[in-house]
Peer 1: 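Below: one structure in structure tokens.
Below, chains carry the letters A, B, ... as their sequence lines are ordered, and counting in each starts from 1.
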Number of protein chains: 2
Amino acid sequence: MWTACAGPRDPVGPGGAPRGSALYQYSVIDALLAGVFDGDLTCGALKRHGDFGIGAFNQLDGELVLYQGVAYRIRFDGSVHEVSDDQRVPNAFATVFAPTQTIALPAGATLQDLQAELARRLRPSAAYAIEVRGPFAAMTARAPEPAKPPYPELAAHLAAHPHTFELTATHGVGIGFWLPAYLARVNIPGLHLHYLADDHKRGGHVLGFRGDGRLEVRVMELSGVNIELSRRPELDQIDLRRDRQRDTQRVETGDRRPAGE
Amino acid sequence: MWTACAGPRDPVGPGGAPRGSALYQYSVIDALLAGVFDGDLTCGALKRHGDFGIGAFNQLDGELVLYQGVAYRIRFDGSVHEVSDDQRVPNAFATVFAPTQTIALPAGATLQDLQAELARRLRPSAAYAIEVRGPFAAMTARAPEPAKPPYPELAAHLAAHPHTFELTATHGVGIGFWLPAYLARVNIPGLHLHYLADDHKRGGHVLGFRGDGRLEVRVMELSGVNIELSRRPELDQIDLRRDRQRDTQRVETGDRRPAGE
């Protein structure tokens with residue numbers, strides 16, 4: 001019997017610096033972008049692959065944050081709820097978070113400053129789990145309204161039902177991944193963060209922030225990416241050959257212009 | 001300790017039909033296309049992830065076939081050699097092959113007929129390991145000449161040093177994968193086969209064939225794709241943002257026209 005294990009290994013790999021677990025992901029981002037909003041993976045199964053991660057819920061009913069082994073749903077009204085292990089997801093990304101590097105961002109740093117610092121310090125060919133802990137003077141977050149079948153494409157749904165939260169003076173943690181360009185279609189290149197306030201009352205997909213004082217960023221290099229493929233029949237009805245990178249950018253940045261502009 | 005194991009699991013998944021192990025792969029195809037011809041994975045480590053697979057060797061010294069747990073190198077002179085476990089690879093793809101479906105192709109079937117039959121029978125969103133066993137009336141195969149640093153891009157190297165073998169009346173097996181479009185950049189979408197003759201004297205990357213009598217095709221649906229990322233510093237020197245799909249097509253089909261045409 002052969003097994004390939006994604007748990008902590010390769011503590012000091014050929015690159016010299018230590019790296020951690022692999023990223024486990026269920027399904028691919030192109031399916032979510034194309035409107036496949038239901039999946040068969042449960043939160044319980046997701047947690048077997050890590051204690052730290054992000055994702056979506058079936059019907060697109062909220063944003064998922066997996067933090068310190070607990071899964072939370074951030075609903076489109078901005079409220080946060082701990083979720084039971086039987087809840088299912090169309091897309092999720094998780095790892096066992098054991099950071100090996102800490103970066104301090106100066107007071108007033110923004111999401112763009114964080115992106116610039118990661119681009120400056122990290123290897124463009126590698127993949128990383130990222131945690132940014134604040135106090136934040138301002139945090140712009142978003143969560144999706146549940147969709148009704150037949151589902152539209154993700155960018156169209158988000159544009160038609162914008163739910164963005166402008167949080168101020170919030171303490172909490174941004175959780176997510178910094179991934180290389182060649183993972184486009186499979187996942188989101190660049191930085192993808194979800195926010196969870198420490199009081200577990202606010203959160204969402206991060207569109208922007210400004211730190212209030214020093215921000216601590218913790219980083220773990222991932223050893224790989226383990227994709228579990230969804231077997232939902234809807235995946236065979238969409239055009240998987242289309243390059244949806246433009247969609248990714250619109251969805252990530254909250255750009256609500258129609259695709260043609 | 002969390003572990004995510006890629007061994008046989010999910011024997012009857014939510015899609016209804018059985019599926020097998022995950023595809024394990026070392027590094028991504030975009031790195032090979034860009035001229036990263038060296039890696040740190042040994043054949044011995046590759047075999048821990050499966051008994052069936054394909055790949056390349058460091059310096060691009062031949063094509064790799066992993067068949068029934070034994071690794072072979074097909075050199076640019078067309079000769080085949082069993083390789084020791086310490087040999088290293090820049091890119092390789094392997095799984096534990098346990099086919100669940102058999103397709104018979106009629107006498108005289110070609111590579112294009114096989115591709116059409118797989119497209120007709122298999123789900124476009126899923127990933128498969130494929131084995132095609134012949135007698136073949138004709139088999140066109142290729143193997144690369146070793147490259148010297150600084151390495152050129154893969155398509156340029158293959159175009160400058162063409163080594164194509166026109167085999168006739170050959171018995172053997174084509175080994176490889178049939179992968180969905182969203183794995184472009186990570187792996188090769190569509191069919192990617194390497195050939196190993198039963199006498200272990202001929203083989204190579206399959207560019208075309210014509211069956212001599214009935215061909216038996218054995219298929220296993222893969223549960224996922226586990227990418228182990230290479231840490232070679234060369235990966236950080238190449239442009240990983242470029243879309244190299246055109247290159248993939250040129251390399252796969254043996255098209256030797258310059259990229260501009």
Peer 1: Below 4.5 Å, heavy-atom pairs only: which of A:G224, A:S125, A:A31, A:A126 has the largest tally toward chain B?
Peer 2: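 Ranked by heavy-atom pairs under 4.5 Å with chain B, first place is A:S125.
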Peer 1: Please state whether the side chain, the backbone, both or neither of B:I238 comes within less than 4.5 Å of a heavy atom of chain A.
Peer 2: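 No part of B:I238 comes within 4.5 Å of chain A.
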Peer 1: Which residue pairs pass the side chain to side chain donor-acceptor pair (under 3.5 Å) test with at least one member in residues 52-67 of chain B, sequence neighbours excluded?
Peer 2: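 Listed by first then second residue: B:E63-B:H194, B:Y67-B:R133.
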Peer 1: So what's closer than 4.5 Å to chain A heavy atoms on B:P180: side chain, backbone, both or neither?
Peer 2: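 When you check distances to chain A, no heavy atom of B:P180 falls under 4.5 Å.
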Peer 1: Tell me, do B:R185 and A:L183 make a side-chain contact under 4.5 Å, heavy atoms counted?
Peer 2: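 SC-SC contact between B:R185 and A:L183 ruled out.
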Peer 1: Under a 4.5 Å heavy-atom cut-off, does chain B meet the side chain of A:L222, its backbone, both or neither?
Peer 2: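 Looking at A:L222, just its backbone touches chain B.
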Peer 1: What distance separates A:R123 CZ from B:R231 CZ, expressed to the nearest 0.5 Å?
Peer 2: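 It comes to 5.5 Å.
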Peer 1: Mind checking the CG-OH spacing from A:D30 to B:Y182? Nearest 0.5 Å is all I need.
Peer 2: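 Rounded to the nearest 0.5 Å, the CG-OH separation comes out at 9.5 Å.
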Peer 1: Check B:A127 against A:L229 and note the closest heavy-atom contact, atom names and distance.
Peer 2: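 Looking at all heavy atoms of both residues, the closest pair is CB-CD1, 3.9 Å.
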Peer 1: Taking the side chain as everything from C-beta on, heavy atoms only, tell me whether B:I227 gets closer than 4.5 Å to A:N226.
Peer 2: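 Of all side-chain heavy-atom pairs linking A:N226 with B:I227, none is under 4.5 Å.
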Peer 1: Does any non-hydrogen side-chain atom of A:D243 lie less than 4.5 Å from one of B:D243?
Peer 2: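 Answer yes - side chains close enough.
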Peer 1: Is A:V225 close to chain B through its backbone or its side chain, or both, or neither, when contacts mean heavy atoms under 4.5 Å?
Peer 2: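 For A:V225, the contact with chain B is made by backbone and side chain together.
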Peer 1: Using a cut-off of 6.0 Å, state whether more than 12 heavy atoms not belonging to B:R241 lie near its atom CZ.
Peer 2: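 Not buried by this count: 12 neighbours or fewer within 6.0 Å.
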Peer 1: Mark yes when over 12 heavy atoms from residues, nucleotides or ligands other than B:Q112 sit less than 6.0 Å from its CD; otherwise mark no.
Peer 2: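 Yes, CD of B:Q112 has more than 12 neighbouring heavy atoms, counting only those of other groups under 6.0 Å.
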Peer 1: Counting only heavy atoms not in B:Q249 (residues, nucleotides, ligands), do more than 12 fall under 6.0 Å from its CD?
Peer 2: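 No, because the 6.0 Å sphere around CD of B:Q249 holds 12 heavy atoms or fewer from other groups.
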